Structure formats: C-alpha cells, structure tokens
Participant: 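Submitted below is the structure of interest, expressed as structure tokens.
If you're wondering where the values come from, they're calculated on a predicted model, not measured in any experiment.
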Amino acid sequence: MNKKIQKENIIYRNLKNFFFLFLIAIYCLFIYHSYEINEEIDIFDVCMETLLAFIILILVIKINSYKTSKKIYSLFDIGLKLLFTSQVIEVMQEIFKLPKLSVNIFEDFFKVLSFSVIITAIYFTIEANEENMKKLKKIASYDKLTNIYNRQEMINRFNMLRKISNRNQNPITVIFLDVDFFKKINDTYGHPTGDTVLKELATVISSNLRDQDIFGRYGGEEFLIILPETDISGGLILSEKVRKFIYSFEFKEVSHLTVSLGVTQYKNGEFMKDTLDRLDKALYLSKNNGRNCSSFL
C-alpha cells in the first residue's frame, strides 16, 4: 500500500513539473514572437533573465529527487516557482516596456515572498539534518538491544581517557563482565529470553554505577565498564558491589544468574590491546576459580 502511494506521489510530482515545463515552452515562444514585435528590446537582458528562469526551473525539477519531507519539498517547490514568476514579470517588462513602478511592485513582492519561503525551507532542512545526525550518532554509538554504548564507542571512550591519563597521570580501571552459563539460558529458554535477560542486566548494572563511569556491551554476553580517575582498589570495590547485586537480583525470566568479572588498571603508556589482554586473563581467572567472583591483574 505504501509503495502504491509513493508511486502515485512520484507520478503526481512529475505531471506537475511536465505541466510547468509546458508553460515554459509557451513562454519561450512568446518571447521569440514578442521580439519580432518590439525590436528595441535589449536581447542580452532578455536572454540573461530567461537563463536565470531556466536555472530556477531545473532546481524545481531537481528538488523532486531529494529524499526530504513533504513539508520541506513543498516549501522549496513553492519558493522556487514564486522566484520564477518574478523572473517572468521582469522579462515581460523588458519586452513590452511596461511602466516600471507597477511592474517592480509585483516583481519585488514575488521575490520577497519567494525568498521568505526558501529561507523557511532551508531552516527546516537544517533542523531535519541536525535531527538525523543525532539519530545516526546514536545508531553508531549505542547497542541496539540494550541501549547502552556498543563496542566501538567503548573503544573510542577508552582511547580518549587513555590520552588524558598519559598526560595527567590520572588512574583508569577497567572491569570486564561476563554472564556465567549464558549459552545454557539460550538453549533452555530460547534466544528471545536471552535478549530480555541482557536488557535487564544492562539496566541493573547501570543502576549501580556512578555518573562518571562508562558502560557498554562489548559483545554477546560480555560487558565493559570504564572507571575514570579510579585505581585498582576502587575498581575491585565497585566490581564486587555489581556482582553481589546481580547475584541477589531476581530476573523476570530466569530468576537468578551469576557473573564473572575481571579487573585491571591501565598502565600509563601502554596500548589498549595490552590492557584488554590483561583484563581478559583476569576474567578467565574468575572463570577458573568457580565463577561468580572478581579477579584482578
């Protein structure tokens, strides 16, 4: 149904522009015959005004190919056609040597009106683009399922903090969190339930973090927490706080679950890969120690 409506709109727009093009053809023929009537016409001025009119016409037709809202399209369409009308009036004045005062009043009226409409359309276009940029930024930075930062954004944030830490010697601690036996949850309850658990878990963890902490989904059932201006002891305290809260929390679908956590502190000057490798080893220490615990390296 939507495709049919879209097709009808395209046909309607094209018919409008073909009609407008037909009027232009008549207009050009009229100029040609009028020149034969009045040989005192400044042909250069007429040609320049006609050229400008054609440029405006091309813009009117071109605007159809833009993927924009109906409101913005209509404003540009009306504004450009009003501007074209002002050019027609100017050419008519040149051909027929009409009284300049009356012609200029109409011409200026259409120009002011057209520019007002076009400026309004530009304003709405900028506003729409800003809104689209915000949406694109959110799509690029956030995990679609859990609505927290995605892996790439977490890497970007860590690299930014790493540079600050190298300069100011501020400590950064990173926590790697992995859901224990998550595959079993998917196998037992199904993937939709697994997704619900991850969304709930993201909310639970977020509620236990400080405002300055950075939290995101690293992949699958793995989560990353970056703690700015926090040393390893502070990181372990927060890690245990999160672990205990998750352990005591009652999830809707699976009742209870446990998590394993790895904690490490960034060493000034090292590459991110070095920090993450150490963090991964700390997480596996927790796995090897029976899960549902925090380990650090």
Participant: Using the rule that Ile, Leu, Val, Met, Phe, Trp and Tyr join whenever any side-chain heavy atoms are under 4.5 Å apart, tell me whether Val254 and Val259 fall into a single cluster.
Facilitator: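 In one cluster: yes.
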Participant: When rounded to the nearest 0.5 angstrom, what is the spacing between CG in Asn170 and CD in Glu229?
Facilitator: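 One finds 4.5 Å between CG of Asn170 and CD of Glu229.
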Participant: Examine Ile226 and Ile148 and state if one hydrophobic cluster contains both, with Ile, Leu, Val, Met, Phe, Trp and Tyr joined whenever side-chain heavy atoms are less than 4.5 Å apart.
Facilitator: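 Not linked; separate clusters.
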Participant: Which heavy-atom pair separates Gln265 from Glu270 by the least distance, and what is that distance?
Facilitator: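 Taking every non-hydrogen atom into account, O-OE2, 4.4 Å.
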Participant: Are more than 12 heavy atoms from other residues, nucleotides or ligands located less than 6.0 Å from atom NZ of Lys287?
Facilitator: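 Enclosed: over 12 neighbouring heavy atoms sit under 6.0 Å from NZ of Lys287.
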Participant: Holding to side-chain hydrogen bond (donor to acceptor under 3.5 Å, both in side chains), I want the full list of residues that pass it with Glu153, two or more places apart in sequence or in another chain.
Facilitator: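 Glu153 satisfies side-chain hydrogen bond (donor to acceptor under 3.5 Å, both in side chains) with Ser141, Arg157 only.
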Participant: Is Lys184 salt-bridged to Asp187, cutoff N-O under 4.0 Å?
Facilitator: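 Salt bridge: no.
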Participant: When Ile, Leu, Val, Met, Phe, Trp and Tyr are grouped by side-chain heavy atoms lying under 4.5 Å apart, directly or through other members, which residues fall in the same group as Leu297?
Facilitator: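 Leu297 shares its hydrophobic cluster with Leu285.
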Participant: Roughly how far apart are Leu238 CG and Ile225 CD1, rounded to 0.5 Å?
Facilitator: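 These two atoms lie 6.0 Å from each other.
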Participant: For the side-chain contact (heavy atoms from CB on, under 4.5 Å) test, which of Asn208, Ile205, Ile175 pairs with Phe215?
Facilitator: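 Of all the options given, the one that passes is Ile205.
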Participant: Will you find, in the side chains of Thr264 and Arg278, an N or O donor that is under 3.5 Å from an N or O acceptor?
Facilitator: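 Side-chain D/A pair, Thr264 to Arg278: present.
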Participant: Give a yes or no answer on whether the side chain of Ser248 reaches the backbone of Lys244 with a donor-acceptor pair at less than 3.5 Å.
Facilitator: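 Yes, because the side chain of Ser248 sits within donor-acceptor range (under 3.5 Å) of the backbone of Lys244.
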Participant: Could you tell me whether the side chains of Asp180 and Thr258 share a donor-acceptor contact shorter than 3.5 Å?
Facilitator: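 Their side chains do contain a donor-acceptor pair, which is all the 3.5 Å distance test asks for.
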Participant: Measuring from Ser260:OG to Phe181:CZ, what's the distance to the nearest 0.5 Å?
Facilitator: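 One gets 8.0 Å once the value is rounded to the nearest 0.5 Å.
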Participant: Please name the pair of heavy atoms, one in Leu224 and one in Met154, separated by the smallest distance, quoted to 0.1 Å.
Facilitator: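 That would be O-CE, 3.3 Å.
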Participant: Which residues pass the ring pair (Phe, Tyr, Trp, His ring centres under 6.0 Å) test with Phe251, not counting sequence neighbours?
Facilitator: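 By the ring pair (Phe, Tyr, Trp, His ring centres under 6.0 Å) rule, Phe251 matches Phe249.
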Participant: Would you compute the distance between atom CG of Asn289 and atom OG of Ser294 and round it to the nearest 0.5 angstrom?
Facilitator: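 The CG atom of Asn289 sits 11.0 Å away from the OG atom of Ser294.
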Participant: Do Ile155 and Arg151 have side-chain heavy atoms sitting under 4.5 Å apart?
Facilitator: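 Contact flag for Ile155/Arg151 side chains = yes.
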Participant: With sequence neighbours left out, what residues match Thr188 under side-chain hydrogen bond (donor to acceptor under 3.5 Å, both in side chains)?
Facilitator: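 side-chain hydrogen bond (donor to acceptor under 3.5 Å, both in side chains) list for Thr188, sorted by chain: empty.
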Participant: Whether the side chain of Asp231 engages the backbone of Pro171 through a donor-acceptor N/O pair (distance < 3.5 Å, no angle test) should be reported.
Facilitator: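 Not a single qualifying donor-acceptor pair exists.
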Participant: May I ask whether Leu177 and Leu209 are part of the same hydrophobic cluster, defined by side-chain heavy atoms of I, L, V, M, F, W, Y residues being less than 4.5 angstrom apart, directly or through others?
Facilitator: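 Yes; tracing contacts between hydrophobic side chains, which count when under 4.5 Å, links both residues.
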Participant: Say whether Ser286 and Ser295, considering side chains only, have a donor N or O and an acceptor N or O under 3.5 Å apart.
Facilitator: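 Indeed, the side chains of Ser286 and Ser295 share at least one donor-acceptor pair under 3.5 Å.
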Participant: Which pairs pass ring-ring contact (aromatic ring centres under 6.0 Å, His included) with one or both residues in residues 267-297, sequence neighbours excluded?
Facilitator: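 Passing the test, one end in residues 267-297: no pairs.
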Participant: Could you tell me whether Glu240 atom CD has more than 12 heavy atoms of other residues or ligands within 6.0 Å of it?
Facilitator: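 Counting other residues, nucleotides and ligands, CD of Glu240 exceeds 12 neighbours.
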Participant: Determine the minimum heavy-atom distance between Gly220 and Leu198, stating which atoms define it.
Facilitator: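 It is O-CD1, 3.9 Å.
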Participant: Are any side-chain N or O atoms of Ser255 and backbone N or O atoms of Glu250, one a donor and one an acceptor, separated by less than 3.5 Å?
Facilitator: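 No, the answer is negative, given that no donor and acceptor are paired below the 3.5 Å cut-off.
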Participant: Would you mind reporting whether Val204 and Ile246 have side-chain heavy atoms less than 4.5 Å apart?
Facilitator: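 Yes, at least one pair of side-chain atoms sits under 4.5 Å.
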Participant: Say you draw a straight line from CG of Asp213 to CG of Leu227; how long is it, rounded to the nearest 0.5 Å?
Facilitator: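 Rounded to the nearest 0.5 Å, the CG-CG separation comes to 4.5 Å.
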Participant: Would Ile214 end up clustered with Leu236 when hydrophobic side chains under 4.5 Å apart are linked, directly or stepwise?
Facilitator: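 Result: no, two separate clusters.
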Participant: By the ring-ring contact (aromatic ring centres under 6.0 Å, His included) test, which pairs, at least two apart or in different chains, include something from residues 152-176?
Facilitator: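 Pairs touching residues 152-176 that pass the test: Phe158-Tyr266, Phe176-Tyr218.
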Participant: Might you point out which heavy atoms bring Gly194 and Ile185 nearest each other, and give the distance in Å?
Facilitator: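 Gly194 and Ile185 have their closest heavy atoms at CA-CG2, 4.4 Å.
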Participant: Quick one: OG1 on Thr275 to CG on Leu279, what's the gap to the nearest 0.5 Å?
Facilitator: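 Interatomic distance, Thr275 OG1 to Leu279 CG, rounded to 0.5 Å: 8.5 Å.
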Participant: Is the cationic atom of Arg217 (NZ for Lys, CZ for Arg) positioned less than 6.0 Å from the six-membered ring centroid of Tyr149 and within 45 degrees of its normal?
Facilitator: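 No, a cation-pi geometry is absent between Arg217 and Tyr149.
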Participant: Quick check: closest heavy atoms across Thr146 and Ala202, and the distance to 0.1 Å?
Facilitator: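 Nearest pair, atom of Thr146 first, then Ala202: CB-CB, 3.9 Å.
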Participant: Can you see which heavy atom on Ile172 is nearest to which on Leu161, and at what distance?
Facilitator: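 Answer, listing the atom of Ile172 first, then Leu161: CD1-O, 3.3 Å.
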Participant: What verdict does the side chain to side chain donor-acceptor pair (under 3.5 Å) test give for Gln169 and Asn268, after you've listed the backbone C-alpha separation in whole Å, the side-chain angles of each residue and the deciding distance to 0.1 Å?
Facilitator: CA-CA 7 Å; Gln169 306 299 309; Asn268 283 349; 2.7 Å; yes
